[in-house]
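What you see is a predicted model, and the numbers here were worked out from it, not measured in a lab. For ligands, and for the atoms within them, numbers begin at 1 and follow the listed sequence.
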Amino acid sequence: MFKKIILSFILSSIYTFAFDYNLKPVKVTNDVWCFLGKLDMPTKENGGFMSNSCYIKADKSYVLIDTGANFQFAKQAYEAMSKIEKLPVSLVINSHSHDDHWLGNNFYKETFNAKILGPSLINKDYNENSNTRMHQVLSKDDFKGTKIIPVDEIVNETKTLKIGNKEITIIPVGTKAHTSEDLFIFMPNEKVLFSGDVVMNGRVTSNRDGSVIGTLKALDMIKAKDWDYLVAGHGLDTSKTAINDTVEYFSLLKQRVLEAIENETMGTEITKVVTMDEFKDKPLYGELNNKNVYDAFRELEFYEGD
Ligand SMILES: [Zn+2]
């Protein structure tokens, strides 16, 4: 009898406990809430919740900016938002093609038939059989329900949408910045800007598919917009200072790597010469900084600009 109880307890704990994200929406400003992810790499422990996913209330429906790392995350995010107001989701906008930002798409498609807008790279680089980084990190159970579905409409030029009582402009960066196709999303009336991963704060960025020069250009485009709130792709600061970490990191990275090249530093030595000490205590410095420096060297080796 006792054995049976133990056995059924073990079985039920295997089969009934889905990953609980314990999600609390953060109100950024009127009609905008975000789920702000951990300042970490995707791990089993954080369930892949390490990027930001936001809800805009557009009168009678929600518009989503990025959908997180899987179906379960998206479902739990919607449940948490339903406690504020239960509205359908009419539109999903994906800021870029990295999998931590859009693997929740199919929850919104299946539940609301939401239209999905994004960069073409999601459709080019992925199909239903793709083995993404999240597939490799998360267990089958945590990934239950997740399906890779295509973006419905590619955004490759600036597009202004009127949805309910909201005006939303989607702006492609137009050059390789964090990826070769980044979108940022601007709400001029509310003065809110969603930067995608062109901006991260409170952690060291990952520039594995990006460009130092392109990111600095994209940061200038973002600075030129009139916003009071900025939601980064990763990071908890959504205030006027949200952009500062990234501006400082990429400006110093460019300046120091160019200086090192001028002093005839070799690629093999660059990470010893350019150490970006100001960022040493930020999360992910150990995991990402050396690679960012090395990639910057490769990019800037033959750079002719100023
Ligand atoms: Zn990301």
Distance flag, aromatic centroids of Trp102 and Tyr126, threshold under 6.0 Å: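 Yes: the rings meet the under 6.0 Å criterion.
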Whether Tyr62 and Trp33 hold their rings parallel, tilted or perpendicular, with breakpoints at 30° and 60°: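 The arrangement is perpendicular - the two ring planes meet at more than 60°.
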Lys272 side chain near Thr265 side chain, heavy-atom distance below 4.5 Å: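 Lys272 vs Thr265: side chains apart.
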Of Ile149, Thr67, Leu91, Ile116, the residue whose pairing with Tyr108 passes side chain to side chain contact (heavy atoms under 4.5 Å, CB included):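 Only match with Tyr108 under side chain to side chain contact (heavy atoms under 4.5 Å, CB included): Thr67.
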The Zn ion (ligand 1) - number of protein N/O/S atoms closer than 2.8 Å: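 My tally for this metal is 4.
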Side-chain donor-acceptor pair present, Thr241, Asn244, cut-off under 3.5 Å: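 Side chains of Thr241 and Asn244: no pair found under 3.5 Å.
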Donor + acceptor pair across side chains of Asn94, His101 (<3.5 Å):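 No, because no side-chain N or O of Asn94 sits under 3.5 Å from a partner of the opposite role on His101.
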